[in-house]
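Just so we're clear, the structure is a prediction, and the values are computed from it rather than from any experiment. Quick note on labels: first sequence line is chain A, next is B, and so on, each numbered from 1.
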Amino acid sequence: MTNRSHSFNVPDKPSLDGIEAKWVDVWNESGVYHFDRTKSREEIFSIDTPPPTVSGSLHIGHVFSYTHTDTVARFQRMNGKSVFYPMGWDDNGLPTERRVQNYYGVRCDPSIPYVEDYVPPAKPDPKRQVPISRRNFIELCDKLTTEDEKVFERIWRTLGLSVDWRHTYATIDDNSRATAQRAFLRNLARGEAYMAEAPTLWDVTFRTAVAQAELEDRDRPSAYHTLSFHREGGEPVLIETTRPELLAACVALVANPDDERYQPLFGSTVRTPVFGVEVPVVAHRLADPEKGSGIAMICTFGDLTDVTWWRELQLPTRPIIGWDGRIVADPPAGLDSEAGRVAYATLAGATVHTARERMIGLLRESGDLLGEPKQITHPVKFYEKGDKPLEIVTTRQWYIRNGGRDEQIREDLLARGRELTWHPGHMSSRYEHWVGGLNGDWLISRQRFFGVPFPVWYPLDDEGNPRYDAPITPAESALPVDPSSEAPEGYTADQRGVPGGFTGDPDVMDTWATSSLSPQVAGGWERDNDLFQRVFPMDLRPQGQDIIRTWLFATVVRSHFEHGSLPWSTAGISGWILDPDRKKMSKSKGNVVTPIDLLEKYSSDAVRYWAASGRLGTDTALDEGQMKVGRRLAIKILNASKFALSVAGQDTAVDASAVTEPLDRSMLAALAEVVAEATAAFENYDHTRALERTERFFWDLCDDYLELVKARAYDTESPAGASARASLLIALSTLHRLFAPFVPFVADEVWSWWQEGSVHGAAWPAAAELRTAAGDGDPQVLAATAEVLRAIRKSKSAAKLSMRAEVSNVVVRGKQADHARLAGADIASAGRAEALDFVPSDDTDLHVEVTLPETVE
RNA sequence: GGGCGCGUAGCUCAGUUGGUUAGAGCCCUCGCCUUACAAGCGAGUGGUCGGAGGUUCGAGUCCUCUCGCGCCCACCA
């Protein structure tokens, strides 16, 4: 017997051990995933990869969604596209600041001077964070994020993402800062960005403004307090409030214009309890007669409705909450009485919580608190990263128009949303509803440190006050700039902060104001315009459903203004990962699973298999069972490939013309359909379907076809043997490529046994070629033949016999047409039957009678 | 209060424009060392498709109502 098993480079004992490390290195050196920028736009598939937040750790949800994108990238690459698949790191912003504070035990104090070669505390003390300069703080941010990014890259490589690692960016790097500043300056020049002093949602912990998109409601216990407002010569007016501490900020009472109970009061005034401030009673449609007593106090500002009332009714401003969340020292205008001032003094400087208790005390003393507070639970607005309720504070901020206050822009942006292809389609409604429900422009300034500075200075007048109406901007060629350390053109550094000199804008941009430019940052906008015109607008934006209102929308806004187009043609929205108890996995719930252990336990291919079995937009449970199945599949691919290649022996050249047997042609015809379906599925971003079809075919091939042709394939004398061997190799080559997007490690491993180059650089299989090789192949031949084989197995199984047991006779009854379809010789050899007889019958179904040897019952 | 999605074998999910006896994997049961694979192979048990009604020759697959779950949005007196 000839030893054929080593004709190709097939290992005796194929294994998944060490497969990741091996191929990560090979791919890195070969550059198989490198983007070819000589290609034209039509030959390129470009992906606007989400930059993960590096101030933490990757969790299994990242693995899930990034695998989806990677399967698409790999398909497109094999299908002939040059794939632009960059990777970014979102390292700018508050999450990094918090991580640096905790990691090093420091905090930023912009008033402190820079220290050369600063060394952070050896042992961070979370309760006593060391104040350091802004520049030192930013240096620590840079240092830590650089380290975090290396860890992330290693995980991504181990997972097998086919990213071109020459194209990376970080949202705080020079390129990102220059891009964000350039885009901002253009928005400013066109009037799309503007500065305004207005009531703003404010996080008192981080002391920064917060955008509408970053809000979330949380249920908090509270209480209704019934307060008595006094009226000249009349009954007191009773209002209910959950925020009695804001009484000093009260500017009016409001009721619904149709509310007959209060109509007589409209136009009159009442006096606030304790403080004795005279305030008008006004009417507004937003006042709900059903709520509380039907009349409410308007404060500047207790909630967003207050802002609406204040604006529309043109009420005075009496703010009492400062940036630090405490009651400000001086009483607001209008609080004139001596008694009122004394009362206010007891509140000044207190936190909101303390002020509430003291205010309740004051109201009890004066007898203006009626009854006991009624305990309730109600939703309160929080910054999604904060843990204290938001306050509303009047501040000067930068905004970008987003349709929240402009009907035409809103319509234009809604139209962009409809222009975009969504996968799954119903995700478009999230965009539609969000844009439709916007109630203000996009607030992009943050009073923080580790972010992109606004490239703006202000001249100081003779008294040293900034002239916000005359901002100084740099030339685009000077970007990126840091106005807090650089002087604007025409000024010298020593003019900073002195009358007649200048001051830099102290704020930084919100992280979304940078990440909304990810296509421009990655694509080389205004930095490498040759690249940019080849990749933009991009083909695909993959992302999570939770950031449609932020990242996706903001990116559309920026592209709409700057380029007059969508930033990409398609959005692929991934679902959530649920833990095995079907709860959404999130850091706050503490049920996050880190991927490294799973990758090591099951192999990257196995974890990818699990991830790829989740459809876009569908929440998927973390299921280690699926990873086990994926591992089994990978091992099966190794073994089946080893078998097919060892049988094929020296027949290295795949000769389609050798495929003559009906069973072989049938198998290839079926495979052609699989290729057609998988291709169509991928083109429609349905990677799950592509995987499912491929996998189904592969297991059937192993179970039935391989068994059927095993004996024949060893026959080197007859054309029938050559037909089997050629068919095996064609199927193998096709399956290796079909599996490549999903299980790239094992796919390249088996490919390397017998092919040149990487499977990931090979051409995606063509259904037409397979159909040609299949000739007149009829898929029913394999189906019918396998059915008979299964019947034989069933008989043996029922008789508790080995599959190797000899069968004396098999009789098949069925229509004559089916007779022709049966590969009798293959069935006989695979079933170990001495004879196979066919008896024509009128019955549509095949009936198989198996006669087992008499020695066994 | 509004919107989106989901409810198919014990579990995780397919089921494409309505069409023959509803599928897969896992689990479980029984069996098999068969020269690619015992981290394997073969076979089998198990759902009438959340509920009700309707359209149709025919519905898991369309319509109405209803129950349950998840997520998002909403002016927090």
Next item on the list: Give none if B:rU64 has no partner; otherwise give the nucleotide forming a Watson-Crick or G-U wobble pair with it, both distances under 3.5 Å.
Entry: B:rA52
Note to self: Taking only the C1' atom of each, what is the distance from B:rA39 to B:rC4 in whole angstrom?
What the structure shows: 43 Å
Check: Taking atom C1' in both B:rA59 and B:rU48, what distance in whole Å separates the two?
Finding: 12 Å
Check: Taking the C1' atom of each, how far is B:rG10 from B:rU64, in whole Å?
Finding: 33 Å
Notebook entry, point to check: Taking the P atom of each, how far is B:rG7 from B:rG60, in whole Å?
Noted result: 15 Å
Item checked: Inter-nucleotide C1' distance (B:rA24, B:rC63), Å rounded -> 31 Å
Margin query: Looking at A:E216 and A:R218, is any side-chain nitrogen of the basic one under 4.0 Å from a carboxylate oxygen of the acidic one?
Written below: yes
Check: Taking the same atom, P, in B:rU61 and in B:rC73, what whole-Å distance lies between them?
Finding: 32 Å
Note to self: Between B:rA22 and B:rA9, how far apart are the two C1' atoms, rounded to whole Å?
What the structure shows: 10 Å
Notebook entry, point to check: Pick from A:I320, A:T308, A:V307, A:L246: which one makes a side chain to side chain contact (heavy atoms under 4.5 Å, CB included) with A:F301?
Noted result: A:V307
Notebook entry, point to check: Of all the choices, B:rG44, B:rC4, B:rA74, which nucleotide is nearest to the side chain of A:D217 once you look at every atom?
Noted result: B:rA74
Next item on the list: Using the six-membered ring wherever Trp is involved, compare the ring planes of A:F64 and A:W610 and label them parallel, tilted or perpendicular (cut-offs 30° and 60°).
Entry: tilted
Margin query: Applying the Watson-Crick and G-U wobble criteria at under 3.5 Å, what pairs with B:rA43? Answer none if nothing qualifies.
Written below: B:rU29
Item checked: Nearest-Å distance once atom C1' is located in both B:rG50 and B:rC67 -> 7 Å
Item checked: From B:rC37, B:rA43, B:rC26, nucleotide with atom closest to A:N639 side chain -> B:rC37
Check: Can the ring centroids of A:F742 and A:F698 be said to lie less than 6.0 angstrom from one another?
Finding: no
